[in-house]
Amino acid sequence: MRELITPLSQMLKNKEISSVELTEKYIAAIEADNKKYNAYVSTTFDKALENAKFADAMLASGKATALTGIPMTLKDNICSDGDLTTCCSKILEGFRPYYDSTVWNKLKAQGAVMLGKTNMDEFAMGSTSETSCYGAPLNPRNVNHVTGGSSGGGASAVCANLAAYALGSDTGGSVRQPASFCGIVGLKPTYGAVSRYGLIAYGSSLDQIGVLANSVKDTALVFDTISGVDANDQTSVDFNFGNIADTLGQSDVKGLKIGVAKEYFEGINPELKEAIDGAIKFYEDNGAEIIDISLPVLKQALPVYYIIACAEASSNLGRYDGIRYGYRPESFNDVEEMILKTRTEGFGDEVKRRIMLGTYVLSSGYYDAYYKKACLLRENLIADFDDIFNTCDILIAPTAPNTAFELDYSGASPVEMYLSDIATVPINITGVPAISVPIKNDSKGLPIGMQLIGKKFSEKTIMNAAYFYEKNAENGVADFEGGVTL
Ligand code: GLN
């Protein structure tokens, strides 16, 4: 896949283009193409041009870093001071936070240029981005198909060259699965590697901000900038990752121990299995040691995820009551009716379903049978993943059991949708990092993603293994033509 950030940065440093000029190109491309893809739900072009002027000053004073002057986008659940941030929900209609998330603060300090907020499933609940109150973003690879979700707008924008990279959030696959559906790279970091301050909460023990980009190198450059401990997020961890982007390409995969768990391949589309088998063979041919393993606990991951995620969501979303911010109905007789109407009218069906499921599994009499049991099983999953990483350096798995669904498929059955998260949710439950990289197209021309999974804080290992594939394997997913090109 194409590296975009480094060549753009070179052009800026060589004064072939200024950041303001580059930003104007992105703005023009968004104005021309966003109606086709519905990737952005709000734009911040004035701010982007301000950011670009700041970047040009950094460039002029020789203080530019890798991301200085490069236009990007934030998912609509990541706060930036004064900009609409609505989680694509009617209940947060018109909401403008009065502070910056830590990730945006860090990027802004490096001269990043923020073009706007991108589309997503309402409150990040979904796998197609179709639960957005703004309507679904479309997959630039084929607009009759979804982008995946929930960070679908970011994936669509990066794929269509309407942003050089995007930040999304991944609670159960929401960065990796849309990256795989749109044929780009998506990284879900270790839980605690990136501050969640300013990320609107869905499932707090699972949520992590991640990167959607055109290539592994681009992903590493962004991760290197946004990772790190933060006093505003007590779950963030002080771990020195070093500069991962600089390590890429310095090692091969000889002797790398790659685990392949057969349970990961049960029930997946045969075309995808064949594609992943091809990638496994590629690694083996290049000297990696393939280790067949069994991970029977994987079968428990979906129910564990949907119990814990819904339980946490029911608690996190309790704050939307129409009193402090967001949507409030026009008429009501008393405060109780106001809260009832706010939540009834403000939340969409999927969010309501999850609040009800979560309230149920936490309620007295059911708590032990569901929530407590799920927490115990989560410990088993963590222990089994730990064991695997005593013998393997990384695991290879599909990112999803399928390629991009046709539009409206998700309306058919919520359970069917939940089942499609089987490959991604174990990673959030156990808190480990994983990266999705495009490997080839299926017979319909839709991209297939491979997931490389590592133990906690092994971002360097998984990104190096992904980079090796990207550089040396046959390129099976073509770069998208359109939007801003160099
Ligand atoms: N599809 C999963 C869900 O609906 C994951 C969403 C996410 O990672 N935010 O919960």
Side-chain angles (χ1 to χ4, degrees), residues 74-78 87-89 118-132 136-137 146-155 166-181 186-189 191 194 196 199-212 301-317 347-358 361 374 378 398-402 404-405 409-411 413-436 449 451:
L74 296 176
K75 186 172 176 176
D76 197 35
N77 59 355
I78 301 179
C87 288
C88 292
S89 177
T118 34
N119 211 344
M120 56 185 277
D121 279 298
E122 183 179 6
F123 280 101
M125 297 173 188
S127 310
T128 60
S129 301
E130 290 177 302
T131 69
S132 164
V146 299
T147 53
S150 63
S151 313
L167 294 191
S169 64
D170 191 315
T171 306
S174 279
V175 163
R176 290 160 286 156
Q177 184 254 29
S180 81
F181 280 14
L187 171 75
K188 196 291 283 186
Y191 185 78
V194 176
R196 289 182 295 118
L199 167 67
I200 298 179
Y202 162 15
S204 308
S205 76
L206 305 156
D207 296 340
Q208 209 25 212
I209 290 176
V211 184
L212 297 125
L302 266 179
V304 167
Y305 172 80
Y306 273 96
I307 290 171
I308 292 177
C310 291
E312 294 183 8
S314 75
S315 158
N316 277 325
L317 273 59
F347 287 134
D349 288 349
E350 183 59 32
V351 173
K352 284 183 194 155
R353 183 178 297 121
R354 301 213 187 180
I355 292 174
M356 286 190 278
L357 283 170
V361 299
R378 183 181 197 171
T399 305
N402 44 274
F405 309 104
Y409 172 85
S410 66
S413 149
V415 173
E416 190 95 342
M417 264 336 330
Y418 300 166
L419 292 173
S420 74
D421 293 334
I422 179 66
T424 47
V425 297
I427 308 314
N428 303 73
I429 295 171
T430 54
V432 298
I435 189 166
S436 176
Q451 198 176 195

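In listed order, ligands and their atoms are each counted from 1.
In this structure, Q177 has no heavy atom closer than 4.0 Å to ligand 1. Using a 4.0 angstrom heavy-atom cutoff, Y305 counts as in contact with ligand 1. Proximity of G173 to ligand 1 is established by a heavy-atom distance of less than 4.0 Å.
Looking at Y202 next to ligand 1, an N or O pair under 3.5 Å apart turns up. Inclusion of D421 in the set of residues having an N or O under 3.5 Å from an N or O of ligand 1 is warranted. By the 3.5 Å distance cut-off applied to N or O atoms, T171 is counted among the residues near ligand 1. Backbone and side-chain nitrogen or oxygen atoms of M125 are examined, and none is located within less than 3.5 angstrom of a nitrogen or oxygen of ligand 1.
Put simply, the side chain of Q177 gets close to the backbone of G149: a donor and an acceptor are under 3.5 Å apart. The main-chain N or O of G168 is never found under 3.5 Å from a side-chain atom of S151 such that the two would form a donor-acceptor pair.
For ligand 1, the atoms sitting less than 4.0 Å from at least one non-hydrogen atom of G126 are 1 (N), 2 (C), 3 (C), 4 (O), 6 (C), numbered in the order shown with element in parentheses. Listed by number with element, the atoms of ligand 1 under 4.0 Å from a non-hydrogen atom of Y306 are 1 (N), 2 (C), 3 (C), 4 (O), 10 (O). Every atom of ligand 1 is numbered from 1 in the order shown, and the set under 4.0 Å from a heavy atom of S150 is 9 (N). Listed by number with element, the atoms of ligand 1 under 4.0 angstrom from any heavy atom of A124 are 6 (C), 7 (C), 9 (N).
When only modelled atom types and interatomic distance are considered, E312 and S205 share a side-chain donor-acceptor pair under 3.5 Å.
Pairing each heavy atom of G126 with each of D121, the nearest pair is C-OD2, 3.1 Å. Contact record, N316 with S204: ND2-OG, 3.0 Å, taken as the closest heavy-atom pair. The shortest non-hydrogen separation linking N77 to C87 is CB-SG, 3.5 Å.
Taken to the nearest 0.5 Å, the NZ atom of K75 stands 4.5 Å off from the OG atom of S174.
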Walk me through whether E416 and Y409 qualify under side chain to side chain donor-acceptor pair (under 3.5 Å). CA-CA 10 Å; E416 190 95 342; Y409 172 85; 3.3 Å; yes

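The protein atom (non-hydrogen) at minimum distance from atom 7 (C) of ligand 1 is S174 OG, 2.3 Å.
The aromatic rings of F347 and F123 lie perpendicular to each other, with more than 60° between the two planes, well past the 30° mark.
Counting heavy atoms closer than 4.0 Å to ligand 1, residue R176 contributes nothing at all.
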